[in-house]
Amino acid sequence: MKMRIWLLKLLLIASVIAIGAFGIGLIPRFPVVMVRDYQWPIAAWSFTLGAAVAVVSYWLAAVIAWRLLDCITANAAFTQRAVTLIIRLKWAVGTMALGLFACLPEWYRMADQEDGPGLMVIGLGFFAIPAIVWLFLAILQQLWTTALAYKTENDMTV
């Protein structure tokens, strides 16, 4: 079990580094290139701010996921602290989805200019993945809360 947790933590660190390289290396260059290529400054800045919000939300979600993995390691998965961490993780992922939703006008502009409707599908995919994870976390929160209630009820009867 601990080996799996360490593997998950290692993958989490690798993803944070990759997203960090994207956030620090590319996001500051977006507005200039997009305004030059697609002549729509509002969408370019919306894309840039949305991507920045998504990156910061991802970093926050990674920290929360790390704490959740620590809870699991300490055999405290079905505690109120774990439920609170799942709620925070859900909102971090929801904020990430909203940030990526703000990027969609520029995805539309790119698809329109390049005459590539597949680009819009790619943009929608970037938004849909965290939105689906947000929905999954909302369901997981309800399941975790119910399991915690059963655990608490059984602890009181014993």
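Excluded from the calculations below are hydrogen atoms, water molecules and symmetry mates; all remaining heavy atoms, backbone and side chain alike, are included.
Taking every heavy atom of both residues into account, C71 and R81 meet most closely at SG-NH1, 2.8 Å. Across every non-hydrogen atom of L119 and M110, the tightest pair is CD1-O, 3.9 Å. Residues G50 and C103 share a closest heavy-atom pair of C-SG, 3.8 Å. Heavy-atom minimum distance, Y58 versus S15: OH-OG, 2.6 Å. For the residue pair A62 and L12, the shortest heavy atom distance occurs at O-CD2, 3.4 Å. Residues V55 and F22 share a closest heavy-atom pair of CG2-CD2, 4.0 Å.
Annotation: L26, atom CG; neighbour count of heavy atoms from other residues, nucleotides and ligands within 6.0 Å is above 12. With a 6.0 Å radius and a threshold of 12 heavy atoms from other residues, nucleotides or ligands, F101 has its CZ atom at or below the threshold. Environment of CH2 in W107: crowded, with over 12 heavy atoms of neighbouring residues, nucleotides or ligands closer than 6.0 Å. For W91, the CH2 atom counts as loosely surrounded, since its 6.0 Å shell holds 12 or fewer non-hydrogen atoms of other residues, nucleotides or ligands.
Grouping the Ile, Leu, Val, Met, Phe, Trp and Tyr side chains by contacts below 4.5 angstrom, directly or via other members, places I122 with I27. When hydrophobic clusters are built by joining Ile, Leu, Val, Met, Phe, Trp and Tyr residues whose side-chain heavy atoms come closer than 4.5 Å, directly or via intermediates, I87 is not grouped with L135. Under the 4.5 Å side-chain heavy-atom criterion for grouping Ile, Leu, Val, Met, Phe, Trp and Tyr, L124 is connected to F47 within one hydrophobic cluster. Linking ILVMFWY residues whenever their side-chain heavy atoms come closer than 4.5 Å, directly or via other members, places F136 and L89 in the same cluster. If you chain together hydrophobic residues whose side chains sit under 4.5 Å apart, F78 and I64 fall into the same group.
Remark: T84 engages no residue in a side-chain hydrogen bond (donor to acceptor under 3.5 Å, both in side chains) (not counting sequence neighbours). For D70, the salt bridge (Lys or Arg N to Asp or Glu O under 4.0 Å) criterion is met by K9, not counting sequence neighbours. Taking E114 as the reference, Y38 meet the side-chain hydrogen bond (donor to acceptor under 3.5 Å, both in side chains) condition, with sequence neighbours excluded.
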Let me see the working for T95 and V53 under side chain to side chain contact (heavy atoms under 4.5 Å, CB included), right down to the final yes or no. CA-CA 8 Å; T95 305; V53 166; 3.9 Å; yes
Step by step, would you call F126 with L104 a side chain to side chain contact (heavy atoms under 4.5 Å, CB included)? CA-CA 9 Å; F126 277 122; L104 288 180; over 6 Å; no
Intermediate values then yes/no, side chain to side chain contact (heavy atoms under 4.5 Å, CB included), I19 and W59: CA-CA 8 Å; I19 295 294; W59 287 337; 4.2 Å; yes
Show, in sequence, the C-alpha distance, side-chain angles and deciding distance for V56 and L60, and conclude whether the side chain to side chain contact (heavy atoms under 4.5 Å, CB included) test is met. CA-CA 6 Å; V56 171; L60 179 62; 5.7 Å; no
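Once rounded to the nearest 0.5 Å, the distance linking CH2 of W66 with CG of L85 reads 14.5 Å. Between the CZ atom in R67 and the CD1 atom in I72 there is a gap of 15.0 Å [rounded to 0.5 Å]. The line from CD1 of I129 to CE of M96 is 11.0 Å long, rounded to the nearest 0.5 Å. From F127, atom CZ reaches atom CD1 of I132 across 9.5 Å, with rounding to the nearest 0.5 Å. From Q113, atom CD reaches atom OH of Y108 across 10.0 Å, with rounding to the nearest 0.5 Å. For the atom pair CG (L11) and CH2 (W6), the distance works out to 13.0 Å, reported to the nearest 0.5 Å.
Under the side chain to side chain contact (heavy atoms under 4.5 Å, CB included) rule, L68 has a single partner from I86, V63, L8, which is I86.
A donor-acceptor contact shorter than 3.5 Å links the side chain of S46 to the backbone of A102.
Side-chain contact between T73 and K2 is present, with at least one heavy-atom pair separated by less than 4.5 Å. In this structure, the side chains of S57 and V93 stay at 4.5 Å or more apart for every pair of heavy atoms.
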